[in-house]
**Q** 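Dropping a structure here in structure tokens format, bear with me for questions.
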Amino acid sequence: MENAEVARVLGEIADLLELTGGNAFKVRAYRRAAQVIDVHPGSISELCREGRVAELPGVGAHIAAKIGELVETGECREHARLSALVPPGVLDMLRLEGIGPKTVEAVWKTLGITDVAALEAACRSGRVLDAAHVGPTRARAILGAIERQRGRAGRMLLHRALGYAAPILERLRTVPGVRRAEVAGSLRRRKETIGDLDLLVASDDAAPVVRAFTGLSGVTAVLAEGPTKASVRLRAGIQADLRVLAPGSFGAALHYFTGSKSHNIAIRTRAMKRGLKISEYGVFDRQGRVIGGAAEEDVFRAVGLPFIPPELREGMGEIEAAEAGRLPRLVEESELLGDLHVHSRASSDSRSELAEIAASAGTLGRRYVAITDHSRARPLGLDAPRLAEHAAAIRALDARLGGRPHLLAGVEVDVLPTGALDLPEEALAGLDCVVASIHSHLADPAARNTERIVRALRSGVVHVLGHPTGRQLGTRDAYALDLERVLDVAREEDVALEVNAMPERLDLTDAGCRAAKAAGVPVVISTDAHDATQLANLRYGVWVARRGWLEAKDVLNTLPLAELRRRLRRRGATARTAPGR
DNA sequence: GCCGTTTTCGGCCCGACTGTTTTCAGTCG
């Protein structure tokens, strides 16, 4: 069973407990375990089989047992028991922004509203005002939340989609006759959200592949089934589409089904001008003879272009760039030498020891890691004396590690609503890596948010602007911001923008990366790991950067440590030569 | 239900903000 599925069930147990008056701390425990599992880079099923799932932070004996049950049987009795107490639509209401368990419980129990549609009707008719703590403002807010949720409906976060696709591919590859099985579509382009899973298989014998696909254990409904294609609905609520093609057509099909649509149109138009025809079955000349199709490269070669990586195929100028020989050489995960935003147990929301982080980072081949815990505006955050102590501890361990990996002393300092930093400049000036982030007052207007960030960038002590837009995929939009202005100031002040690799953030966005590059502002790609195991999530950030056309030279943490230090120190130099700022 | 340099019981982040109330509950970060 996939991590996403385990996390979903645990998260639902938390929701159901909350709606049925369960202990709030128990609710929190389930929620935390779900979160940890959701972003865990390895396979939970495997960890479970090794009997090691309780080693994860937030997973104890009881939750480990439930995970075991889930992995073994695909079911969880506790989940089933609670589900029987709550109508299914009630959980959907809980997903609405600005509505919590109390409000949902109130409209459900006092008004008998059990789904979003009924809630919407009650908001429009005014009946919802009969529920406790719901007035006209909140009724309007609910309608807005329903509207926004609709806009996001049906899409799934990239890391979850990959989690669902991987075991399906694995299974399909075991079917006799299968040569290749790959994801296509937006999943292969590494888009941040995925509508449905597109899967492609190369085989001369399609029937057993289709049978294996429709017979997968996660399938709840077979929507269509033919000789070479099938569509199913998965337990996760998303659709998966399978196409089976002859190996000689696989490259052409992979290109066609990877898209995007506008990219495909541009390629096919080019082919037409050359008297060629490209379809999912291959590349054909004027006489209709096959001149390629087994490999994706055949398609590009036919239209006189070099291979264009899937992440660039959005019809955003990649064909023109390829034509002119100006395709970027996209940054690769292996080129990233370090991670510049990692939390240790000095942050209230992380439990990892410095030594654990160092060990995990070393295993992943990172040469340096910046420990950047929260400042005092966050619960239990570091004040200046504790930060100094913490930095000393980091440096002491760094000395013992002898560079395997190097530990950098840093901080994630809050940018207060005024734009002032949450710690005095003297406390920050000596640190190796200062990440400044916004965590509060997210609803302020663009002008105020922009000036707030600008002031922080002008402080002279900030190296990196953390998760610059504040969005959380599927739950929270980016705060209003004039990104152009932020980029202008970042360039002036020599501050890098972060690509936060947390799967639910991915912030900067791909478009933001492109804007940063255009503005001449470097980025850093960091995990924001809240547990040592999350250090492996760097790849999600790399994909965003690739979609944003970034090359290694645009990403500061591809630099060897000595060079990185020089780049970061320049920041401090600015501060020293410009007193009074 | 988890967790432990205050360790096997008894805590578990807590303040700001908002809208609904009439002194506070719910939500969020």
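Just so you know, these numbers come straight off a predicted model, no measurement behind them. Heavy-atom basis, side chains included; hydrogens, waters and symmetry copies ignored.
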**Q** Give me the distance, rounded to whole Å, that separates B/dA16 from B/dT8 when you measure between the C1' atoms they each carry.
**A** 36 Å
**Q** By side chain to side chain donor-acceptor pair (under 3.5 Å), which residues pair with A/Thr103, not counting sequence neighbours?
**A** none
**Q** With nearest nucleotide decided by heavy atoms, which residue, A/Gly58 or A/Gly135, maps closer to the 5′ end of DNA chain B?
**A** A/Gly58
**Q** In whole angstrom, give me the gap between the C1' atoms of B/dT20 and B/dA25.
**A** 8 Å
**Q** With a 4.0 Å cutoff (strictly under), does any side-chain N or O of A/Ser440 reach OP1 or OP2 of B/dC28?
**A** no
**Q** For DNA chain B, find the residues of residues 20-30 of chain A with a heavy-atom distance under 4.0 Å and give them by number; none if there aren't any.
**A** A/Phe25, A/Lys26, A/Arg28, A/Ala29, A/Tyr30
**Q** Can you tell me if A/His441 touches the phosphate of B/dC17, counting only side-chain N or O atoms and a distance under 4.0 Å to OP1 or OP2?
**A** yes
**Q** How many whole angstroms separate atom CG of A/Asp383 from atom C1' of B/dC13?
**A** 16 Å
**Q** If we take the P atom in both B/dG11 and B/dT6, what is their distance in whole Å?
**A** 16 Å
**Q** Is the closest side-chain donor-acceptor distance between A/Asp432 and A/His463 under 3.5 Å?
**A** no
**Q** How far does the C1' atom of B/dT22 sit from the matching atom of B/dG15, given to the nearest Å?
**A** 22 Å
**Q** Could you tell me how far B/dC13 sits from B/dC3 if I compare only their C1' atoms? Round to whole Å.
**A** 16 Å
**Q** Under 3.5 Å, is there a donor-acceptor pair between the side chain of A/Ser186 and the main chain of A/Ile194?
**A** no
**Q** Salt bridge or not for A/Asp15 and A/Arg31, using N-O below 4.0 Å?
**A** yes
**Q** Run the salt-bridge test on A/Arg81 and A/Glu78 with the 4.0 Å N-O cut-off and return the result as yes or no.
**A** yes
**Q** Could you check A/Val486 against A/Asp482 for side-chain contact (heavy atoms from CB on, under 4.5 Å), going step by step and ending with a plain yes or no?
**A** CA-CA 6 Å; A/Val486 168; A/Asp482 179 352; 5.8 Å; no
**Q** Rounded off to whole Å, could you give me the CZ-to-C1' distance for the A/Arg31 and B/dC2 pair?
**A** 16 Å
**Q** Reckon A/Ala61 touches a base, only the sugar-phosphate, or nothing at all at heavy-atom distances under 4.0 Å?
**A** sugar-phosphate
**Q** Nearest-Å distance, CD (A/Gln35) to C1' (B/dG1)?
**A** 17 Å
**Q** Between B/dC2 atom P and A/Leu17 atom CG, what is the distance in whole Å?
**A** 12 Å
**Q** Does B/dT27 have OP1 or OP2 sitting under 4.0 Å from an N or O in the side chain of A/Thr103?
**A** yes
**Q** Rounded to the nearest angstrom, tell me the gap between atom CD in A/Glu18 and atom C1' in B/dG26.
**A** 11 Å
**Q** Mind checking what makes side chain to side chain contact (heavy atoms under 4.5 Å, CB included) contact with A/Gln534, not counting sequence neighbours?
**A** A/Val39, A/Ala529, A/His530, A/Asp531, A/Asn537
**Q** Return the pairing partner of B/dT18 with a 3.5 Å limit on both distances, Watson-Crick or G-U wobble; otherwise return none.
**A** B/dA25
**Q** Using whole Å, report how far CG of A/Asp414 lies from P of B/dC28.
**A** 19 Å
**Q** Work out how far the C1' atom of B/dT21 is from that of B/dG26, and round it to whole angstrom.
**A** 13 Å
**Q** What's the CZ-C1' distance between A/Arg138 and B/dC24, to the nearest Å?
**A** 12 Å
**Q** Provide the distance between the two P atoms, one in B/dT23 and one in B/dC28, to the nearest whole Å.
**A** 26 Å
**Q** When you measure from the side-chain N and O atoms of A/His133 to the phosphate of B/dC24, is any distance below 4.0 Å, counting only OP1 and OP2?
**A** no
**Q** Does A/Arg8 pair with A/Glu5 as a salt bridge, N-O distance under 4.0 Å?
**A** yes
**Q** On DNA chain B, check which nucleotide each of A/Glu353 and A/Ile99 is closest to and give me the residue with the more 5' one.
**A** A/Glu353
**Q** Please report, rounded to the nearest Å, how far the P atom of B/dT27 is from the CG atom of A/Leu96.
**A** 12 Å
